[in-house]
Amino acid sequence: MAWPTTAAAQQEAPIADRSAASSVRPPQRCERILWCGDRDQGPALAKRFGYTGVQLGRGGDPAPLRELGLGFYLDQPIGKGLLELRDEAWRPIAAAYEATRDAAALIRPTCFAEPGAVASAAAAAADEVRRVAGPGLSFVALADEASATRHNNPLDTCRCAHCLAAFRAHVEQRLSTLDAVNAALGTQFEALDRVVPLTTDQIRRRELGDRNLPADLRAFGLWLEFVDEQFAAAVHTIAARAAAAAPSVPVGLTGLQPPSAFGGHDYSLLVPALTLAEPYEIGGAVALARSLLPAAAHRAVTLFPTEASALGGARLGDLVRAQLAAAACDGVAAVVVWNDATIAANGAPTPFGRAVASAFESVGPALDALAGATVESSSVWLLESQPSVRAWWMLDSANDGLTWVRRLSSYERAHSTSQAARRGWLSLLQDLGLEPRFVGERDLPERLLRERPRCVVLPATIALSDRTAQVLEVYVQNGGHLLADHSAGLYDATLLRRIAIAMPDCDFLLVGDDSAGVAAALHGLAHVEFTGEVGYGELPS
């Protein structure tokens, strides 16, 4: 049996189609939502404490909420198991592979390529949306912390027969011939129907064997590109069916992880078709999502008590008020407070609960007035490159050995070069009074033909396609200004290391900490001479 290719799945539900957002109703206020662990008593607590809504899980009855005068969002209408794996389903796979290094263990419990799995989930989502549609429904969150793995943790799932067939179709579509496939993978398969992806372990043994930068990471890139497209196609297929069931209601994902090598979070592929997103403020993900979402999409933020737990009195109130003020400035349509157990104990408000109530009272008018507002961007573009995210993961993990499978998303938050570069450039530019806009590399060439930004920035863009490099060269020749930090264009978009770096002339090449030079380049846009040296070719010791 021939399984549909990723491209065919995309044709069923176009992953970059923004038209669905045009019918989404604009927010009339910023919803104050209390996530309730106690489904019986939580809604009454939310009403008592002045919240406007709660979450409604799959199969829940919206009637009691409507009787209380509460709104709600539909939370995980397909449950867990497809877009999000529970820890008890994920942990045995990771443990088995870590112990044996046998690719036979890399089978996802519910696979996106399994015949009918995504279609069934899409139908179930549509049924749930239709069941609860009507007054009070503010948005639909298909999944929370969705991932092709779990929390974007690194592992080469899924290697079931369905995924292997789909991967073969993917590489055949990309590369056409068996010779080209073998060249990209570094293999000698005798037929296309015998091709299997290399594991990350195999690629690491081949490419990280000495102190030179990896020469050929194409096998790594091809597999992760396949996972990203497979995950995005599944999300978009389910989202499209859910949106059709309630056309004016935003549909998307909460708990969005930042872009990473594993897990399917290629934002330029995943985000543009969503009409609801709640990204975590990690690695610049909030600003990135804001740039890539359709203009009419709703954005939400979750307010956690963890950062505030060590504070008390006025300091706690100041922190929560500042968090809500920042959310208002971002134009969010909903604030989700996590959770009912953190705001009250034995019916009495906790210090955190009092701080939230006070902050809503003081910042609430601004939250409502600015709900759905868009942040006005400066004419500065930050290039978002998913191949660079993949390459930096490999380089960042070079010294991890076999423990790379424990390089969890929580660890990446503080040790990811791509996240640090995105976050650092955002902070630097915002400190200079600029609000940059992210542009995905697949969109950049076409957009540069229509628009002329004041400046384009390449944040740790270690991988750059030939086409993008050529377009940027023309942009610079025509008077555009280009800034880069380091390692730009060492690899092409397939992650093959270049002999000569494809790097257009820059106004400023940043090495080390030279924010003054960047400030001069951005404010005056005068040519800044670069006189330092950059060493390429060795991994860090």
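Contact annotation: the side chain of P62 never approaches that of L137 to less than 4.5 Å [non-hydrogen atoms, C-beta and beyond]. Contact of the L395 side chain with the P214 side chain is registered, since non-hydrogen atoms from C-beta on lie closer than 4.5 Å. Counting only heavy atoms from C-beta outward, the side chains of L253 and V235 approach each other to under 4.5 Å. For the pair L408 and H151, the minimum side-chain heavy-atom distance is 4.5 Å or more. Contact annotation: the side chain of V54 never approaches that of R39 to less than 4.5 Å [non-hydrogen atoms, C-beta and beyond]. Side-chain contact check for L276 versus V24: every heavy-atom pair is 4.5 Å or farther apart. Between E114 and C160 the shortest side-chain heavy-atom distance does not fall below 4.5 Å. Annotation: side chain of Y51 is in contact with side chain of I343 (closest heavy-atom distance under 4.5 Å).
In terms of modelled atom types and a separation under 3.5 Å, the side chain of D443 and the main chain of G440 share no donor-acceptor contact. Checking side-chain atoms of R407 against main-chain N and O of P154 turns up no donor-acceptor pair under 3.5 Å. The main-chain N or O of S248 is never found under 3.5 Å from a side-chain atom of S23 such that the two would form a donor-acceptor pair. In terms of modelled atom types and a separation under 3.5 Å, the side chain of R204 and the main chain of W404 share no donor-acceptor contact. Checking side-chain atoms of R422 against main-chain N and O of G283 turns up a donor-acceptor pair under 3.5 Å. With R108 contributing its side chain and A148 its backbone, the two residues share a donor-acceptor pair below 3.5 Å. Judged purely by atom type and a 3.5 angstrom limit, E225 has no side-chain atom pairing as donor or acceptor with the backbone of F220. Checked by atom type and distance alone, the side chain of T275 never pairs as donor or acceptor with a backbone atom of A297 at under 3.5 Å. A donor-acceptor distance shorter than 3.5 angstrom exists from the side chain of S291 to the backbone of F438, with no hydrogens or angles considered. At distances below 3.5 Å, not a single donor-acceptor pair connects side-chain atoms of Q76 with backbone N or O atoms of G57.
Closest of all the heavy-atom pairs between H236 and L269 is CE1-O, 3.2 Å. When all heavy atoms of Q419 and P258 are compared, the closest pair comes out as NE2-CG, 3.6 Å. Here the closest non-hydrogen pair linking S138 and Y73 is OG-CB, 3.7 Å. Residues I238 and A121 come closest through the heavy atom pair CD1-CB, 3.9 Å. Taking all atoms of both residues into account, the shortest heavy-atom contact from A371 to C30 is CB-N, 3.8 Å. Listed here is the closest heavy atom pair of L224 and A261: CD2-O, 3.4 Å.
Residues H162 and F112 keep their aromatic ring centres 6.0 Å or farther apart. Under the 6.0 Å cut-off for aromatic ring centres, H298 and F139 do not qualify, their centroids lying 6.0 Å or more apart.
Between atom CG of residue D228 and atom OH of residue Y267 there is a gap of 12.0 Å, rounded to the nearest 0.5 Å. Rounded to the nearest 0.5 Å, atoms CZ (R406) and CG (D400) are 10.5 Å apart. One finds the CG atom of L82 at 6.5 Å from the OG1 atom of T110 (value rounded to the nearest 0.5 Å). In this structure, SG in C36 is found 10.5 Å from CH2 in W338, a value given to the nearest 0.5 Å. Rounding to the nearest 0.5 angstrom, the gap separating the CG atom in D330 from the CD atom in E281 is 8.5 Å. Distance check, rounded to the nearest 0.5 Å: OG1 of T302 to CD1 of I33 gives 9.0 Å.
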inquiry  = Apply side chain to side chain contact (heavy atoms under 4.5 Å, CB included) to residues F304 and T342 and explain how you reach the verdict.
reply    = CA-CA 9 Å; F304 294 101; T342 70; over 6 Å; no
Side chain to side chain contact (heavy atoms under 4.5 Å, CB included) between V129 and L74, intermediate numbers included = CA-CA 8 Å; V129 172; L74 180 59; 3.9 Å; yes
inquiry  = Walk me through whether L45 and D38 qualify under side chain to side chain contact (heavy atoms under 4.5 Å, CB included).
reply    = CA-CA 10 Å; L45 186 72; D38 187 337; over 6 Å; no
inquiry  = Using salt bridge (Lys or Arg N to Asp or Glu O under 4.0 Å), reason through R174 and E229 one step at a time and then give a plain yes or no.
reply    = CA-CA 13 Å; R174 289 290 186 276; E229 292 191 8; 2.2 Å; yes
inquiry  = Run L175 and L222 through side chain to side chain contact (heavy atoms under 4.5 Å, CB included) and show every step you take.
reply    = CA-CA 10 Å; L175 303 171; L222 271 171; 3.9 Å; yes
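Applying the 6.0 Å contact sphere to CZ of R130 captures more than 12 heavy atoms from other residues, nucleotides or ligands. Within a 6.0 Å sphere centred on CZ of R194, other residues, nucleotides and ligands contribute 12 heavy atoms or fewer.
A side-chain N or O of R442 and one of S268 form a donor-acceptor pair less than 3.5 Å apart. D201 and T199 form no side-chain donor-acceptor contact under 3.5 Å, judged by distance and modelled atom types alone.
At least one test fails for R390 against the ring of W223: distance under 6.0 Å to the centre or angle within 45° of the axis. R32 forms no cation-pi arrangement with W35, by the criterion of a distance under 6.0 Å to the ring centre and an angle within 45° of the ring axis.
Looking at E412, H265, Q257, E145 one by one, the single match for side chain to side chain donor-acceptor pair (under 3.5 Å) with N152 turns out to be H265.
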